[in-house]
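Both ligands and their constituent atoms are indexed starting at 1 by order of listing.
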Amino acid sequence: MTILKDISLKTYNTFGLDCIAKHFISIHDIKTLKTAIQEQKNNYMLIGGGSNMLLTQDIEELVIHLNLKGISIISENDDHVFIKVQAGENWHDFVLWTLKHNYGGLENLSLIPGNVGTAPIQNIGAYGVELKDVMDSCEALNTESLELETFMNSECQFEYRNSIFKKQKGKYVVCNVTFKLTKHNHVLHTSYGAITEQLDKMQVDNPSIQDVSKAVTAIRQSKLPDPKDIGNSGSFFKNPVISKSDFKKLQSNFPNIPGYIVSDKEIKVPAGWLIEKAGFKGKRFGEYGVHKKQALVLVNYGNAKGKDILKLAQLIQSTVNRIFGITIEAEVNII
Ligand code: EPU
């Protein structure tokens, strides 16, 4: 096991924050992962694609970079293919791989930053599709027993941006994910408003999965900053879910407030709208700020400190709470 010292994590987190890992190891196999976890007891931090974290300080404990690689077809039938993908594969590169082979299911999830291993933890989702719709199962290392456990989709307790792996934080390390994708008769999800519009713009009448991916990519590129150009972590906050009665009360003061029905009693409100109405959209504070095209995204223009971004996040939370009486929670992990 080679443990490196004083490694900058700038290129390991999509916010591009320059925090130092005092001790760092890149893991390529499960055996080494087990050894590292066993030796460090609870004194380690895992990092995958670094797309869902805000680093606010240097890291004293061992940073374990999960770099497991590999994509393999494990079985197939007339209609479906089952593909096992190791946690350290880049998410979008894998989506492109499936599209090249004409396997359907992941096209709406194009261009999401991060690695495959993080996808089930967050139950990543975009444009009407969530990971739970395409995952067959996954394998995760139980950090207490050091056994590899298989979780079928139904065992993962998937919810909006949540799963058993997030609820029982620290207990499991997702090591690989098996996807169940279509080989033909692909089911397209184009009802999400902007996709249909984008396909019209592209003059596509009878879209393929590749066309849907291109449409999603174009929409994302038009609204969301590419972490290669501007550091960010995608949506910084989750969209809050409030009761229908609270929503009705808000509507009397804010008639244009958007909301999506999630159940008989609950409405999901876009946090981006709340933050924009609170006056933060496009606001820049030196090296950091709120993205000008999507208020849900906080950005690092180059040399921001995680602590400053955290302060901004807290200011946004308290202002939104003061104006609307709604609590918005961070989607990213604050470290
Ligand atoms: N809106 C505003 N101002 C803004 C941003 C959004 O008013 O600055 C309002 C608009 O009413 C818009 C609505 O919010 O119609 C929804 O916006 P959008 O379609 O961009 O989606 P979102 O709710 O802001 C969610 C996910 C994104 C995902 C998109 C598309 C969460 C926290 N975010 O954003 O996921 O790409 O839907 O499906 O659920 C991510 O998690 O990192 C992420 C980017």
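- Closest to atom 34 (O) of ligand 1, if we only count protein heavy atoms, is L296 CD2, 4.0 Å.
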Exercise for review: Could you walk me through whether K167 and E159 pass the salt bridge (charged side-chain N to carboxylate O under 4.0 Å, His left out) test, one step at a time?
Suggested key: CA-CA 11 Å; K167 291 177 203 168; E159 292 165 14; 2.9 Å; yes
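- When W273, Y127, F236 are checked for heavy-atom proximity to atom 38 (O) of ligand 1, Y127 turns out nearest.
- Distances between N or O atoms of K238 and those of ligand 1 include no value under 3.5 Å.
- Below 30°, between 30° and 60°, or above 60°: for Y12 and F24 the angle between ring planes is between 30° and 60°, a tilted geometry.
- For F179 and Y103, the ring centers sit 6.0 Å or farther from each other.
- Protein heavy atom nearest atom 25 (C) of ligand 1, with residue, atom name and distance: N239 ND2, 4.2 Å.
- Below 4.0 Å from some heavy atom of K281 lie the following atoms of ligand 1, by number and element: 3 (N), 4 (C), 8 (O).
- Ring pair Y127/Y192 is perpendicular by interplanar angle, where above 60° counts as perpendicular and below 30° as parallel.
- A distance of 6.0 Å or more separates the ring centres of F280 and W273.
- No more than 12 heavy atoms of other residues, nucleotides or ligands sit less than 6.0 Å from atom NZ of K214.
- Close contacts of ligand 1 with G234, meaning ligand atoms under 4.0 Å from a residue heavy atom, involve 42 (O).
- At a 4.0 Å cut-off, not a single heavy atom of Q122 sits close enough to ligand 1 to count as contact.
- Atoms of ligand 1 lying under 4.0 Å from any heavy atom of R220, numbered from 1 in the order shown and given with element: 36 (O), 44 (C).
- For atom 3 (N) of ligand 1, the closest heavy atom belonging to the protein is E276 OE1, 2.6 Å.
- Which parts of ligand 1 touch K223 is read off a 4.0 Å heavy-atom cut-off, strictly below it: atoms 18 (P), 19 (O), 20 (O).
- By the criterion of a heavy-atom distance under 4.0 Å, both the backbone and the side chain of Q294 are placed next to ligand 1.
- The closest approach between a heavy atom of Y260 and any atom of ligand 1 is below 4.0 Å.
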Practice item. Evaluate the salt bridge (charged side-chain N to carboxylate O under 4.0 Å, His left out) criterion for residues K84 and E139: first the C-alpha distance (whole Å), next the side-chain angles of each, then the deciding distance (0.1 Å), finally the verdict. Key: CA-CA 10 Å; K84 188 175 193 170; E139 284 186 309; 3.3 Å; yes
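- Using a cut-off of 4.0 Å between Lys/Arg side-chain N and Asp/Glu carboxylate O, D308 and K305 are scored as not salt-bridged.
- Inter-residue side-chain proximity for L310 and I334 is flagged as met; some heavy-atom pair is nearer than 4.5 Å.
- Heavy-atom proximity to F237, at under 4.0 Å, picks out these atoms of ligand 1: 32 (C).
- The protein non-hydrogen atom at the shortest distance from atom 35 (O) of ligand 1 is R161 NH2, 3.0 Å.
- Of all protein heavy atoms, the one closest to atom 21 (O) of ligand 1 is Y192 OH, 3.7 Å.
- Between K244 and E266 no salt bridge is recorded (no basic side-chain N to carboxylate O distance below 4.0 Å).
- The protein non-hydrogen atom at the shortest distance from atom 11 (O) of ligand 1 is P258 CG, 3.7 Å.
- Ligand 1 places these atoms under 4.0 Å from at least one heavy atom of A126: 36 (O), 38 (O).
- Checking only distances, S233 never comes within under 3.5 Å of ligand 1, N or O to N or O.
- Between K238 and E329 there is a salt bridge, since at least one side-chain N of the basic residue sits less than 4.0 Å from a carboxylate O of the acidic one.
- Looking only at protein heavy atoms, the nearest one to atom 42 (O) of ligand 1 is S235 N, 2.8 Å.
- The distance from ligand 1 to the heavy atoms of Y160 drops below 4.0 Å at these ligand atoms: 31 (C), 32 (C), 39 (O).
- The protein heavy atom nearest to atom 8 (O) of ligand 1 is A295 N, 2.8 Å.
- Applying the 4.0 Å criterion to heavy atoms of P270 picks out, from ligand 1, the atoms 9 (C), 13 (C), 14 (O).
- Using a cut-off of 4.0 Å between Lys/Arg side-chain N and Asp/Glu carboxylate O, E61 and K22 are scored as not salt-bridged.
- In this structure, H291 does not count as a contact residue of ligand 1, since none of its heavy atoms falls inside 4.0 Å of the ligand.
- When each of V216, N206, V204 is checked for a side chain to side chain contact (heavy atoms under 4.5 Å, CB included) with D211, only V204 meets the rule.
- Residues I209 and L99 form a side-chain contact, since some pair of their non-hydrogen atoms from C-beta on lies under 4.5 Å apart.
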